[in-house]
Amino acid sequence: MNQGAHRPPRMASALLRLLLPAGVVRDSILGDFWEEYGQKMAAGSHLAAWSWYWRQALGLGGRSLARRMRFWQTRVDVEASSTAPGEAPESSSPLAFGGGSNGSPQRGNLLDDLAIDLRYGIRQLFRRPAFTTMVVLTLAVGIGPNVAIFSVMKGLVLRSLPYPEPQRVVAIWQTETSWRGRMPLSTHAYDALREGNSSFEELGVYEPYYFNLRDEGEPVRVAGVACTASVLRALGMEPAQGRFFTDDEEVAGRNQVVLLSDGFWKRRYAADPGIVGKLVNINGSDFQIIGIMPESFEILSPWGGSARPDIHLPLVLARDDHYQAQHWLLSLGRIKTGVTARAAEADIRGVAARLAEESPTTNARIQVWIEPLLRSSLGGVTTMLVFLLLIVGVVLLIACANVASMLLARGTHRMTELAVRATMGAGRRRLVRQLLTESLLLSILGGAVAVLIAVWGVEALKELIPGRIPRIEGIQIDRWVLVFTLVITSLTGMIFGLAPALFASRADLAGALKEGLGIESGWRSRRRSLRILLALQIAMAFALVNASTLLVVSYRNVVMVPLGFDGSRVLLASIYTDGADYRTGEARGAFWKELTDRVETLPGVEIAAATTKLPLRGGNNGFVIAADDAYDPNTRGVLVEYSWVISGYIEAMGIPLLEGRTLEEGDLDAVSTNAGADLRVVVNQALVDRFWLGESGIGRRLRQNGNPPAFTATVVGVVENVRQMGLERPPLPEIYFPYSPITRRPTFLVARTAGDPNALIPAVRQVVNEIDSNLAVTATSMGEIVEAVTESRRFSMLLVTLFAGTALFLVIAGTYGIMSYSVSQRVREVGVRVALGAGRGRLMLSFLGNGLRFAAWGIGLGIIAAIWGGLITWTRVYEVNPFNPVLILGGALLMLFVILAAIAVPVYRASRVDPMDALRTE
Amino acid sequence: MTAREIPGEFDRKVLVTIQQLESSAYAPGIAQELERDAGRTVSRGALYAALDRLEQRGLVRWCLEDATEERGGLPKRRFEITETAVAP
């Protein structure tokens with residue numbers, strides 16, 4: 001048989017070739033391996049031959065590597081101490097292994113010792129695979145969530161915005177409150193700030209909006225941004241193709257130019273290189289495509305939402321009086337180089353103060369402030385992530401304590417071994433270093449598994465993260481996340497390795513050796529350390545369980561909040577009546593009249609109406625005073641939510657009528673024929689309570705807090721409070737105006753259906769298409785909106801509960817392990833006691849008492865930790881006291897039960913010890 | 001311990017095996033002989049290290065033999081015991 005045909009495994013032989021020093025010896029060894037491999041293959045078992053080759057290659061290669069490291073170091077030393085020429089250091093062959101280098105008390109240098117420690121450590125790990133697996137998995141469970149949450153944090157918060165010098169780009173807000181409220185600018189304020197400031201290179205305004213876009217394909221509704229050219233300049237980027245629009249194009253008639261986002265260009269137009277210059281129809285008018293945005297370009301909406309704008313158009317600002325005072329312009333600017341954010345803010349505050357003096361009617365209470373653009377875009381996401389990082393940090397600490405106790409408990413046989421090494425002259429520092437190296441090896445293995453967990457976890461998180469959080473696409477395990485993992489892994493190794501290492505260095509090693517087994521010596525103090533670690537674990541897990549309980553209770557409270565409307569069986573369709581065909585109020589009014597009339601005739605539809613604002617999705621408001629009150633420019637008035645609704649809305653949304661009547665068609669006519677007329681409105685109970693507590697609201701009069709007022713109104717009906725800003729904010733006073741097509745606002749069709757609202761979506765689309773085929777429709781149900789507002793809370797609740805569960809599991813495993821170990825250490829003692837006549841019941845009680853004493857310590861500490869945790873959870877709970885004694889006690893009982901369950905088996909086992917067996921082990 | 005002394009138990013066994021195998025003392029043969037004797041696998045790493053040590057102490061020496069096809073064309077070292085090992 002031709003054995004030469006059996007070529008050894010390439011990878012293994014390449015490794016060997018790499019690790020052995022080049023020369024004839026290496027070649028001959030490779031030849032020997034080749035020959036033997038051929039013989040083994042010829043003997044029949046391919047797998048055995050393959051594994052033999054790998055095993056031997058790894059063994060020999062490893063020896064050679066370690067040897068070479070030492071050899072190299074020795075040579076450096078020898079050269080440094082200027083050895084006589086020709087005098088080579090002893091055993092210069094990198095293959096030879098001098099006896100006694102392994103763990104012997106040679107005075108080695110750092111690298112030398114490290115190589116030995118590593119090799120020795122690796123051997124230790126392989127010697128006890130079950131133990132190693134346990135430790136590695138525990139660490140991975142602790143480190144993995146940290147890596148996953150950190151990568152989310154990195155992707156959302158720590159990744160800077162893709163603009164040059166992003167720290168100079170800020171959002172500018174207006175506020176009329178003492179705190180820094182986020183109110184968009186009015187045209188008035190924008191003009192004044194832009195002209196009057198001296199600290200901004202560029203300052204512009206924008207508005208995220210939806211547009212109906214039609215080209216050769218189906219009409220689609222696309223997310224877009226209408227912005228001033230100064231916004232594009234402020235962000236400091238260049239278009240990838242074509243050009244940006246200019247200030248001259250912010251004028252009606254010249255504004256029909258559009259920039260496409262990179263994603264939209266690729267998605268919709270298959271990256272057509274000749275797209276620039278072509279025309280698309282947006283809201284019924286032709287727009288010329290003048291450029292493509294760079295790939296990384298994004299303008300984030302501070303109102304949340306992960307949708308990146310697909311198109312960017314010039315913003316044409318209407319300068320008529322009606323719009324001047326409306327707050328709808330989001331603003332951003334680039335601060336000049338060398339000007340601090342604080343100075344820039346002081347500058348624009350000065351401008352605002354001058355504006356207030358010059359035109360007190362509309363701007364008496366104006367105040368402005370600035371905020372980094374990224375923070376303004378992320379909203380509450382940052383605090384949620386910091387909160388989650390704290391939670392997973394605690395899980396990691398529990399995992400560390402857990403592993404530390406495993407290492408301590410394992411200490412028995414290690415003590416003997418360490419004692420032997422100490423008597424041979426190894427110093428304490430040397431032993432500590434050896435133990436720390438082992439801990440680090442374990443934690444690095446744990447970190448590696450944790451990265452695997454995190455890769456999976458990040459994908460799961462991306463699915464789970466509420467849809468309104470932006471920048472999700474940037475979440476990934478990248479270089480920085482790996483660096484973070486390495487740092488956290490090393491820290492972990494230090495933390496859990498330190499206790500056992502220090503313990504070993506302090507312990508009476510000589511005593512351990514003298515007693516041969518080293519069992520009794522040091523056991524007492526080690527047991528104390530173990531139990532302190534256990535108590536700490538219990539305390540931390542308790543705090544997590546408490547936090548999770550608080551979030552679960554909060555979630556339940558939020559879900560139980562009375563909505564103020566009946567959202568089941570309500571279909572919503574958002575249709576943007578913008579553009580050429582809907583420039584006049586009459587045209588818009590006619591469209592909505594026809595649409596609601598025709599949808600109402602669809603089979604399965606009970607009532608159809610329309611509104612400019614949906615419940616829970618609030619954010620259209622103004623300041624109102626009672627009509628009898630005198631106007632005072634320095635008084636703010638009451639913040640009131642505004643909805644413009646087509647009659648039938650109150651019924652369609654299922655809002656209970658408490659007093660008077662709902663809006664009727666006649667009310668609408670009054671609006672559309674006479675714009676300045678006194679309006680007839682419906683208000684909610686909160687408004688009545690705010691203005692006329694305990695009295696009837698019917699017939700009362702209100703006015704907008706301006707001079708002249710934008711409206712005056714008479715109350716004709718009072719309805720139940722509807723939650724406007726999600727479920728957690730208490731309802732604000734609200735006014736339902738008859739729908740006025742004069743105001744251009746996004747409008748939603750609201751239809752109460754007899755069955756599943758989603759089943760009617762195609763029919764509604766069909767109706768819209770018949771009336772105007774240019775309009776794109778986005779439809780959903782009210783039920784989905786209700787669900788979406790609890791999404792974020794559900795997300796953090798689920799995660800924290802998952803982590804608390806993990807912590808609990810770690811504590812159970814840890815407690816069980818320590819108790820089992822403690823029992824096994826005391827078998828002899830128990831045997832003696834039983835032989836002396838101790839009752840098994842009493843023994844069991846004594847063990848139980850021992851275990852529970854530390855559990856009690858843990859729970860006691862846990863109560864403190866839970867109270868401390870309550871301070872952190874405070875901002876995230878809803879209508880539950882974070883220091884609720886019932887919840888804390890409940891948590892304590894749960895912990896007690898869990899610990900009892902964990903120690904029951906070992907304690908029972910201790911009581912079953914046969915005295916004869918126990919004494920025989922002596 | 002001086003360099004001329006025969007070091008450990010394993011090294012002594014390797015030395016004896018080389019002597020037994022006489023002119024066919026190549027590493028694979030030595031390893032197989034040792035394995036037969038001990039009844040378990042011998043780590044090649046340990047064997048080469050031992051051969052190296054013995055060579056360092058002047059107890060064995062080796063000479064190259066021609067490459068063969070069954071070794072992938074790689075050279076072959078034949079070991080033999082030195083006079084020092086026989087009569088220190």
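Quick caveat, the model's predicted, so the values are computed rather than measured. Quick note on labels: first sequence line is chain A, next is B, and so on, each numbered from 1.
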How far apart are the closest heavy atoms of [X] and [Y], and which atoms are they?
X: R63(A); Y: A49(B); value: NH1-CB, 3.9 Å
X: D27(A); Y: L74(B); value: O-CB, 3.6 Å
X: Q56(A); Y: V42(B); value: NE2-O, 3.9 Å

Which atoms of [X] are under 4.5 Å from chain A, going by heavy atoms: the side chain, the backbone, both sets, or neither?
X: A46(B); answer: both
X: T41(B); answer: side chain
X: L47(B); answer: neither

Hey, is the main chain of S28(A) close enough, under 3.5 Å, to the side chain of R71(B) for a donor-acceptor pair?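 Yes: the side chain of R71(B) pairs with the backbone of S28(A).
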May I ask you to decide if E35(A)'s main-chain N or O and E70(B)'s side chain share a donor-acceptor pair within less than 3.5 Å?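 Answer holds: no.
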Between T68(B) and W34(A), is the side-chain contact (heavy atoms from CB on, under 4.5 Å) condition met? List the steps. CA-CA 11 Å; T68(B) 57; W34(A) 190 307; over 6 Å; no
Using a 4.5 Å cut-off on heavy atoms from C-beta on, say whether the side chain of V25(A) contacts that of Y48(B).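 Heavy-atom side-chain distance check fails, nothing below 4.5 Å.
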Do D32(A) and R77(B) come close enough that some side-chain heavy atom pair is under 4.5 Å?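 They are not in side-chain contact.
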Chain A: which of E65(B), Q32(B), E55(B) shares the most heavy-atom pairs with it under 4.5 Å?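 The option with the most such pairs is Q32(B).
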